[in-house]
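Side chains included, hydrogens not; waters and symmetry mates left out as well; all remaining heavy atoms used.
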Amino acid sequence: MSEAKVHSVASATDLVVRYGTHTVLDEATIAIHENDRVGLVGRNGAGKSTFLKIAAGDFEPDSGSFVFRKDLVVGYLPQNFDLKEEESVLQNVLSGAPEMVALLSEYDEVDPESDRSADLIEEITLLDGWNLEQRAQSLINNLHAPNIDRIVNTLSGGERRRVGLCRALLAEPDFLILDEPTNHLDTEAIEWLESYLAKYRGTCLFVTHDRYFLDRISTRIIEVAAGKLNSYEGNYGDYLLARAERDAVSEKEEHKRQKFLKKELDWVRRRPKARGTKAKDRIDRFFETKEQDGPEEELDVELIIPPAGRLSNRILEAEEISKSLGGKTLFHNLSMKLEGGERLGIVGRNGLGKSTLLKVLLNKMEADSGLVTLGAKTDINYVDQDRLTLDDQKSIHEEVGEGSDHVQLGNESIGIRAYLRRFLFDDDRINTKIELLSGGERSRVLLAKILKRGGNVLVLDEPTNDLDLATLRILEEALLGFKGTVLVVSHDRYFLNRICTGILGFEGHGEVIYQVGNYDYYLDKKKEREVKNQEFKVKEKPQKGAKKERSRKLKWAEEKELETMEDDIMKAETAVSELETKIAAPNFYEKHSQDWEKLENELKENKVKVTAIYARWEELEEIKAAAEA
């Protein structure tokens with residue numbers, strides 16, 4: 001049986017891109033096929049975002065070509081994107097499908113009786129254009145983007161990114177290009193996006209630092225290394241195995257090459273008198289082999305977290321702290337105590353109050369009630385979500401050195417140049433201006449600048465954004481070896497599983513749960529709690545041989561409760577029915593743009609209430625029947 005023919009949707013041929021003397025892509029060639037879900041991997045600065053820009057038509061290479069299949073519709077989420085500042089979230093999302101918006105606008109204006117109107121109806125129906133706004137609302141809801149009526153110039157950076165992602169997905173393009181789509185998404189939204197892309201009928205090319213996402217979504221990995229594009233079939237796990245095998249072969253070949261050179265060098269040094277053809281060929285072969293490049297050594301960032309100073313018994317304690325913003329309770333009567341050596345992960349949906357809690361704990365924001373106490377020896381190094389602002393006109397040396405040529409790491413003082421070499425900036429590169437750096441290089445500069453501050457309590461708000469996979473791994477190792485205390489907000493599930501000794505979970509409605517262990521263990525326990533919350537106590541039958549409990553009569557209060565129970569059930573069921581009808585309406589999200597989430601939660605609460613009333617009714621009826629018997 002013959003294999004199905006694989007069609008290319010796009011191909012790159014001999015791409016060359018140089019930034020000054022630095023060659024990013026060097027005659028890079030690759031084909032991308034129909035229905036591929038390609039994860040693009042490589043070191044920061046290797047050229048991943050550059051390749052995505054070329055694929056999206058936003059950047060012209062110095063030479064070479066990138067061609068698309070005819071009539072290919074492309075959707076693109078870059079790292080840096082523009083939204084229309086004065087327009088609403090919905091208007092910006094709809095701009096991701098301009099052709100369809102134009103068709104719908106034209107249909108509204110043409111004569112309903114005209115031939116053009118009939119043609120438009122057919123075309124819009126064929127392209128499922130009548131549901132465009134509903135699709136936009138669904139994306140906004142599932143990716144936890146801001147309310148459709150919010151004006152873009154009021155949004156935070158993370159909110160803007162979620163709007164940009166909705167815009168890129170709306171048109172359901174043939175070729176979807178996503179640069180770090182999971183940045184600023186909470187875990188629930190990331191899992192929804194995983195499900196969406198797993199069923200996506202087009203071709204997808206993406207860069208992400210989320211290793212679970214990369215492993216679950218990719219059907220092929222393209223690695224950007226040494227200016228070339230190397231293809232590996234399978235997901236990220238398959239790529240790591242294949243890459244390890246390739247490196248082992250390269251290492252073996254390099255060992256053979258060095259052994260040959262050593263042997264031949266001894267022969268050449270003896271300067272044999274015979275200068276015949278065979279001898280000349282042997283000398284030529286030696287110099288030809290000597291000129292060959294060995295396998296390129298990939299250097300790792302050597303993250304340095306200065307040694308933690310001694311901690312006192314009290315590090316940080318919160319006693320019954322509460323905080324509400326905009327009429328919404330973020331946390332209520334929360335008490336917690338950080339321990340020495342603890343690595344506490346803070347998780348939960350965006351907007352539930354994780355970053356606000358950090359600010360309250362660090363006395364950067366006042367709690368509505370309760371008390372926060374820092375230990376006398378507590379020295380906090382806080383990395384907020386927006387990180388530090390880098391001056392584009394300064395060099396790497398100036399930004400990190402901040403007027404000094406040395407960095408103090410505990411009792412050791414090292415030069416700025418030596419310090420920056422550990423972050424993969426060589427002596428020629430450290431005088432480069434910040435504005436000329438890639439996104440990944442900027443992240444390394446930030447890490448170098450932040451970590452040199454020291455401290456015995458590291459507080460990190462979304463530290464994994466914009467780091468490549470190799471640097472992430474090194475950051476994890478550095479945090480695991482840190483002797484102080486770590487408090488981290490993150491949506492990176494792999495990162496949380498790797499480093500956390502405890503999880504503080506924001507679960508909505510002001511409820512915050514502490515669970516010892518890593519993120520997966522927290523999820524297991526959360527599921528157990530959810531099951532228990534749905535279960536209601538029903539009187540168990542006595543086991544054989546056990547002493548039978550004496551029947552009792554209903555108390556007066558229980559009799560009164562039972563008398564009104566049927567009315568309570570009817571009211572609760574009516575409320576559920578009315579809410580279900582309201583939420584099922586086609587214009588629900590448009591009509592209830594301000595309170596849709598409140599109504600959905602109200603429906604859930606009423607369903608639980610119905611179940612609880614039924615369980616209580618059965619319990620009281622059973623007591624009554626037993627007493628009468």
Test item: side-chain donor near acceptor, [X] and [Y], under 3.5 Å:
| X | Y | value |
| --- | --- | --- |
| R69 | S8 | no |
| D524 | Y519 | no |
| H491 | D210 | no |

Salt-bridge criterion met for [X] and [Y] (N-O under 4.0 Å):
| X | Y | value |
| --- | --- | --- |
| R18 | D26 | no |
| K433 | D391 | no |
| R161 | E180 | no |
| E223 | K228 | no |
| R160 | E85 | yes |

Donor-acceptor contact present, side-chain [X] to main-chain [Y], <3.5 Å:
| X | Y | answer |
| --- | --- | --- |
| D174 | V73 | yes |
| E122 | D119 | no |
| R135 | L139 | no |
| T13 | G64 | no |
| Q91 | S88 | yes |
| S105 | V101 | yes |
| R37 | I217 | yes |
| S117 | S114 | no |
| K48 | R43 | yes |
| S95 | N92 | yes |

Got [X] and [Y] here, is their nearest side-chain heavy-atom distance under 4.5 Å?
| X | Y | value |
| --- | --- | --- |
| L469 | R211 | yes |
| Y522 | D520 | no |
| V17 | T23 | no |
| H144 | L185 | no |
| F59 | L52 | no |
| N350 | R162 | yes |
| P173 | V74 | no |
| Y382 | K359 | yes |

Handout entry: Residue pair F331, V360: steps toward the side-chain contact (heavy atoms from CB on, under 4.5 Å) verdict
Key = CA-CA 11 Å; F331 44 90; V360 169; 4.1 Å; yes
Say you draw a straight line from [atom1] of [X] to [atom2] of [Y]; how long is it, rounded to the nearest 0.5 Å?
| X | Y | atom1 | atom2 | value |
| --- | --- | --- | --- | --- |
| L143 | L169 | CG | CG | 6.5 Å |
| K364 | T356 | NZ | OG1 | 14.0 Å |
| I140 | L90 | CD1 | CG | 5.5 Å |
| K53 | Q79 | NZ | CD | 8.0 Å |
| I124 | D128 | CD1 | CG | 11.0 Å |
| C500 | N518 | SG | CG | 8.0 Å |

Problem - Aromatic plane relationship, Y239 with Y232 - under 30° parallel, 30 to 60° tilted, over 60° perpendicular - result: perpendicular
Which atom names give the shortest non-hydrogen contact between [X] and [Y], and what distance separates them?
| X | Y | answer |
| --- | --- | --- |
| E233 | D238 | O-CB, 3.8 Å |
| P61 | L15 | CG-CD2, 3.9 Å |
| L178 | C204 | CD1-SG, 4.3 Å |
| S490 | D492 | OG-N, 3.0 Å |
| D461 | S355 | OD2-OG, 2.8 Å |
| A31 | H33 | CB-NE2, 4.0 Å |

Problem - Working for salt bridge (Lys or Arg N to Asp or Glu O under 4.0 Å), residues R493 and E194 - result: CA-CA 13 Å; R493 297 156 293 178; E194 282 178 359; 2.7 Å; yes
Around atom [atom1] of [X], are there more than 12 heavy atoms of other residues, nucleotides or ligands at under 6.0 Å?
| X | atom1 | result |
| --- | --- | --- |
| D108 | CG | yes |
| E435 | CD | yes |
| Y107 | OH | no |
| N80 | CG | no |

Handout entry: Axial cation check for Y212 ring with R216, 6.0 Å and 45° limits
Key =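 Yes, cation above the ring, under 6.0 Å and within 45°.
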Problem - Result of checking K354, R529, R349 against E507 for salt bridge (charged side-chain N to carboxylate O under 4.0 Å, His left out) - result: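 Result: among K354, R529, R349, R529 is the only option passing the salt bridge (charged side-chain N to carboxylate O under 4.0 Å, His left out) with E507.
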Exercise for the section: Please check if the distance between the ring centroids of F206 and F213 is under 6.0 Å. Expected result: yes
Problem - D36 and T203: CA distance, side-chain angles, deciding distance, side-chain hydrogen bond (donor to acceptor under 3.5 Å, both in side chains) verdict - result: CA-CA 5 Å; D36 269 351; T203 301; over 6 Å; no
Handout entry: Test log, rule side-chain contact (heavy atoms from CB on, under 4.5 Å), inputs R116 and E106
Key = CA-CA 9 Å; R116 179 56 182 158; E106 185 183 353; 2.7 Å; yes
Problem - Step-by-step side-chain contact (heavy atoms from CB on, under 4.5 Å) determination, L330 to L325 - result: CA-CA 7 Å; L330 301 179; L325 289 176; 3.7 Å; yes
Exercise for the section: Begin from the C-alpha positions of T432 and L437 and carry the test side-chain contact (heavy atoms from CB on, under 4.5 Å) through to its verdict. Expected result: CA-CA 8 Å; T432 304; L437 302 181; 4.0 Å; yes
